[in-house]
There are 2 protein chains.
Amino acid sequence: MKLEELGEFGFIDRLAGQAKARTGVVLGIGDDAAILAPAAGKVTLATSDMLVEGVHFDLALSDPRTLGRKSLAVNLSDLAAMGAQPRHALLSLAIPPALPVEFLDAFTSGFLALADEFQVALVGGDTCASRGGLVISVTALGEQCPGLVVRRSTARVGDLVLVTGTLGDSALGLELLRQGVRSGRSVERHLDPLPRVAAGIRLAEAGLANAMIDVSDGLLADLCHVLDLSGVGARLDLSRLPLSAECRHHLATGGNDPLVLPLAGGEDYELLFTAAPEREAVIRSVLADCGVQVTVIGEIIAGAGVSMTDLAGNPYFPARLGYNHFGITRDAASSRLPEVT
Amino acid sequence: MKLEELGEFGFIDRLAGQAKARTGVVLGIGDDAAILAPAAGKVTLATSDMLVEGVHFDLALSDPRTLGRKSLAVNLSDLAAMGAQPRHALLSLAIPPALPVEFLDAFTSGFLALADEFQVALVGGDTCASRGGLVISVTALGEQCPGLVVRRSTARVGDLVLVTGTLGDSALGLELLRQGVRSGRSVERHLDPLPRVAAGIRLAEAGLANAMIDVSDGLLADLCHVLDLSGVGARLDLSRLPLSAECRHHLATGGNDPLVLPLAGGEDYELLFTAAPEREAVIRSVLADCGVQVTVIGEIIAGAGVSMTDLAGNPYFPARLGYNHFGITRDAASSRLPEVT
């Protein structure tokens, strides 16, 4: 069926019919606005992310169901990085009229499946025609007690720098996809990343993370956001970077700078956070409960920028910093990286 | 300056620098998510609207500043239709890389100027590259006491059907723009609509509106949303439709069906609501306080659909129903309109 036959309101009716009743939803899809009841004494966390065909995804390389999951996942990852419980989402789509309804059904079923996994309610959004490719815009709302929200700006000198999971898999997955590979762990991590929701909430609610961000632009770029806002620097030991077996194999056989993928590849959707050294054991225990591995990769120091030592213990200077839409001029010009302190 | 020179983070820094401190904002732009403090005992209203180049706007016909204003205005209109006080907004942009920074600066200055007029805080969003045209996605959050929010689904048999302002100006303005006209009241109403925020809040807080919606798709299409959800019908007297002098002149000299513009033109962003007949005098007084005219155009009756009499008192059958992205199949097939009850 083509979208013209179903119509805008037919598509919205289908979506509304699949949305489930959830905590805090007084009225979902179907009016001018959703009515949401915030939990007493909690703050609301709000974040938006846009995914654009030809920029963030290629319809030849991703199936609609995982694309639907990823559209929500990248937003939940932002809420996880604040330590927030995700609650509600709004989904807006600019849709090329020729896109089959079957594509949209698969997309929304993926979106709603991930929403179910995290008890998130789809409460609104917009659908309209696109003259270009598919554009997906999601807003996610979460909640947390005000004193427990973790910011980027509160890293402290002496903190450890920690990261969950492994780095570089998503960027490797994208490389492999472009080479024609269609399966494997790295490809899956690129197409269908799982946000670290439980880990973020546990770290926040136990007061374990001093500062936190999710790794979306790339480890170094995201670490620099934390450092800039906190007014501190960091020293990283790149021999400690957590790498999957697949990524490690690729780095051993790969090109010029094997560290570019884990340092600047982006879209890992892991949590990068800082914590007092004496909390390390508790952090390991709490994250093990969530089934999430964690690695100490460095420490926060006075000053600014990042100094790094490579796998041989020598000072390391990165070839690129991370993803920046519209070019990298600002980052390159500010040359925060590397600044050996 | 081109966007490549400023970079994504440079643009976000510019936006963050212009955002003002507002009620309920604990932390605005600059972290993974904004932190918002909901007012105690109130519900949150959430709505999203997308504006797509070549579909909702034509860069040759609209200047960036008014486009920025309109992007927020259409969302505030949705909040107004629930009777909510607007508080926060998130703005996501998919930007063609060749778009000059001056365009974006003008766009955001317009967006922020309208935000200032309504004490709305810009608290987040996303910016990324577009491979097609400019795509604008806005989420607006508002608040109201739970018992005062006005829905679409609660119109009652015997209610009057009322509408604020005048109808058809925006559609006429678009026609005139396409003919080369660049000024005048209708053109202004199309490019720079003013949401009926104060009127919506006053109607809700005084308990005067039983059901309400904003006129975005067109009077008939939006009225049908109210009727369908409320399980009622309506009788409209088209001789009462509130028309501006410019629109009246156009209808007198125009084409085949002069009522198409006010009935189905859309984008009026007026409030369409139903109310008990005995409240009419209070409604007129309250809306006069807001400087807003109001007109009774019909009544809610038992049954379904709309019956209409034209300016001569004869039954009227509309040529089209309103704007529906991806075609009008569903509305045409359900033939809710006209159904003489």
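Numbered from 1 within each chain, the chains take letters A, B, ... in sequence-line order. Everything quoted here is computed from the prediction, not taken from an experiment.
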Report summary line: Rounding to 0.5 Å, atoms OG (A:Ser137) and CG (B:Leu91) come to a distance of 9.5 Å
**Report entry** A:Arg152 side chain vs B:Gly30 backbone, donor-acceptor pair below 3.5 Å
**Finding:** yes
Requested in this report: Give, as side chain, backbone, both or neither, the part of B:Val135 having an atom under 4.5 angstrom from any heavy atom of chain A.
Outcome: both
Requested in this report: Indicate yes or no: at least one non-hydrogen side-chain atom of B:Thr44 is less than 4.5 angstrom from one of A:His88.
Outcome: no
Requested in this report: Without swapping roles, check the side chain of A:Asp126 against the backbone of B:Met50 for a donor-acceptor pair under 3.5 Å.
Outcome: yes
Requested in this report: Could you tell me which portion of B:Leu27 (side chain, backbone, both or neither) has an atom closer than 4.5 angstrom to a non-hydrogen atom of chain A?
Outcome: side chain
Report task. Can you tell which part of A:Leu141 gets under 4.5 Å to a heavy atom of chain B, answering side chain, backbone, both or neither? Result -> side chain
Query raised in the report: Which bit of B:Val52 is near chain A, if near means a heavy-atom gap under 4.5 Å: side chain, backbone, both or neither?
Result: side chain
Query raised in the report: So which part of B:Leu51 gets closer than 4.5 Å to some heavy atom of chain A, the side chain, the backbone, both or neither?
Result: neither
Query - Qualifying residue, where the test is side chain to side chain contact (heavy atoms under 4.5 Å, CB included) with B:Asp32 and the options are A:Asp222, A:Ile213, A:Asn75, A:Thr47 - result: A:Ile213
Requested in this report: Let me know if A:Val26 has heavy atoms under 4.5 Å from chain B in its side chain, its backbone, both or neither.
Outcome: both
Query - Min side-chain heavy-atom separation A:Ile35-B:Leu45 under 4.5 Å - result: yes
Query raised in the report: In Å and rounded to the nearest 0.5 Å, what is the OG to CG distance from B:Ser48 to A:Leu93?
Result: 11.0 Å
Query raised in the report: Where the side chain of B:Asp78 meets the backbone of A:Ala33, is there a donor-acceptor pair that is under 3.5 Å apart?
Result: no
Report summary line: Heavy-atom closest pair (A:Arg131 atom, B:Glu53 atom, distance to 0.1 Å) is CG-O, 4.0 Å
Report task. Would you mind telling me which of A:Gly132, A:Pro38, A:Gly41 has the largest number of heavy-atom pairs within less than 4.5 Å of chain B? Result -> A:Pro38
Requested in this report: Tell me, for B:Ala46 versus chain A, whether the close heavy atoms (under 4.5 Å) come from the side chain, the backbone, both or neither.
Outcome: both
Query raised in the report: Between A:Ala94, A:Gly133, A:Gly124, A:Ala37, which residue shows the highest count of heavy-atom pairs closer than 4.5 Å to chain B?
Result: A:Ala94
